[in-house]
Amino acid sequence: MTSVRVADNPPLDSANVLADGGGSSLPPALRLQILTTEHWSLLSTRSLSWSEAFSRATMFLSVLSGAVVALALVAQATDFDEGFVSFALLVLPVVLFVGVATFMRLVAINREDVGWVVGMNLLRHAYLRAAPELRPYFVSGAGDDESAIMATFGATPGPGSFAHELVTTPGMLAVVDGVIAGILVGIIALQAGLGTPIAIGSALVTALLTVVLLLVYQYRGVVRPRGRRRTQFPERPAKV
């Protein structure tokens, strides 16, 4: 799935995008129909992206739940002996791989979702240039700068946007992946005979480092490009 490069579109030079400003043969009603069709197309594409995101997150949590149940059954059968450790060292890396792969795909979906939101914001901008008196009735953004994008997402731009990414589905999976990585490293440390305190410390450090690295990846893939994109129609603050 590829993102829409809305930043390369030429600026609108007409005060009314539905009026005939350049000798075009298209009537205003047909122009409005084209904009409306594109709006529904972007909305449908965004819905498909979110459907994939939910499916992938559900798949990962199902794999994790199955692994936990399997580990519990093996632990009961082996009384946490070497057989349990071997089984855990075989299962947990697979679960961690699925978790990291799911996280990376969700980050990509969120990055694509920004493109769809920008496209719909530009269409709202066109609607409002045709009927500016309707602005009080629009609660979503009508521009392609970060403040307008975050308004459509229901969040605030700036430092608060990082906290918003933390509570999204990829942010939640980053924490789960960190816990799995920490448990895996702790088991390996115990098997290496490093002692319980060192094993616990290694597990905590690994979990924290994994979460930080994944969140940085998410920031570099979604947050930073969103704030650095070239804008055509920045959202103008409402006059008080």
Side-chain angles (χ1 to χ4, degrees), residues 1-55 105-158 160-162 164-165 167-170 218-219 221-240:
M1 190 179 297
T2 57
S3 300
V4 177
R5 296 188 60 188
V6 294
D8 295 336
N9 292 340
L12 300 175
D13 55 2
S14 173
N16 190 333
V17 295
L18 298 183
D20 188 357
S24 174
S25 59
L26 294 178
L30 182 56
R31 296 185 183 189
L32 178 61
Q33 181 180 355
I34 292 174
L35 292 177
T36 305
T37 301
E38 176 64 10
H39 199 146
W40 280 104
S41 176
L42 291 175
L43 186 62
S44 176
T45 304
R46 192 183 185 200
S47 177
L48 291 175
S49 298
W50 278 104
S51 178
E52 180 187 356
F54 291 141
S55 297
R105 179 54 189 152
L106 291 184
V107 170
I109 290 175
N110 279 359
R111 182 169 59 247
E112 295 167 2
D113 191 51
V114 172
W116 316 139
V117 167
V118 170
M120 289 189 289
N121 279 10
L122 291 176
L123 293 176
R124 292 191 192 95
H125 181 84
Y127 297 151
L128 291 177
R129 292 188 67 169
E133 69 276 6
L134 298 179
R135 187 65 183 95
Y137 304 99
F138 282 69
V139 297
S140 301
D144 57 346
D145 58 337
E146 187 180 12
S147 62
I149 295 171
M150 296 305 290
T152 301
F153 280 119
T156 55
S161 63
F162 183 82
H164 172 76
E165 298 299 329
V167 299
T168 58
T169 304
Q218 182 181 15
Y219 175 82
V222 179
V223 180
R224 189 167 66 174
R226 184 182 63 214
R228 291 185 175 183
R229 66 182 313 278
R230 183 172 64 88
T231 61
Q232 296 181 91
F233 307 109
E235 183 82 63
R236 291 179 175 84
K239 295 181 180 182
V240 179

- Say you draw a straight line from OG of Ser44 to CH2 of Trp116; how long is it, rounded to the nearest 0.5 Å? 11.0 Å
- Message: Within the structure provided, determine whether Val114 and Asn110 are in side-chain contact (heavy-atom separation under 4.5 Å).
- Response: no
- Which distance, rounded to the nearest 0.5 Å, do you find between the CG of Asp113 and the OG1 of Thr45? 10.5 Å
- Message: Quick check for you: to the nearest 0.5 Å, what is the distance between Leu43 atom CG and Glu38 atom CD?
- Response: 11.5 Å
- Please examine the side chains of Leu134 and Tyr127, heavy atoms only from C-beta on, and report whether any two atoms are closer than 4.5 Å. no
- Message: Within this structure, what is the CG-CG distance for the pair Leu122 and Leu42, rounded to the nearest 0.5 Å?
- Response: 9.5 Å
- Note on the structure: Here the gap from Glu112 atom CD to Leu48 atom CG, rounded to the nearest 0.5 Å, amounts to 11.5 Å
- For Ala148 against Ala142, the heavy-atom pair lying closest together: CB-N, 4.2 Å
- Query: Any donor-acceptor pair under 3.5 Å linking the side chain of Ser41 with the backbone of Thr37?
  - Reply: no
- Task: Of all the heavy-atom pairs spanning Ser140 and Thr152, show the shortest one and how long it is.
- Result: CB-OG1, 3.9 Å
- First locate atom CG of Leu128, then atom CD of Glu133, and finally report the distance between them rounded to the nearest 0.5 Å. 9.0 Å
- Message: For Leu123 versus Leu35, what's the shortest heavy-atom pair and its separation?
- Response: CD2-CD2, 3.6 Å
- Start with the C-alpha gap between Arg105 and Ile109, add the side-chain angles, then the distance that decides, and say whether side-chain contact (heavy atoms from CB on, under 4.5 Å) holds. CA-CA 6 Å; Arg105 179 54 189 152; Ile109 290 175; 3.7 Å; yes
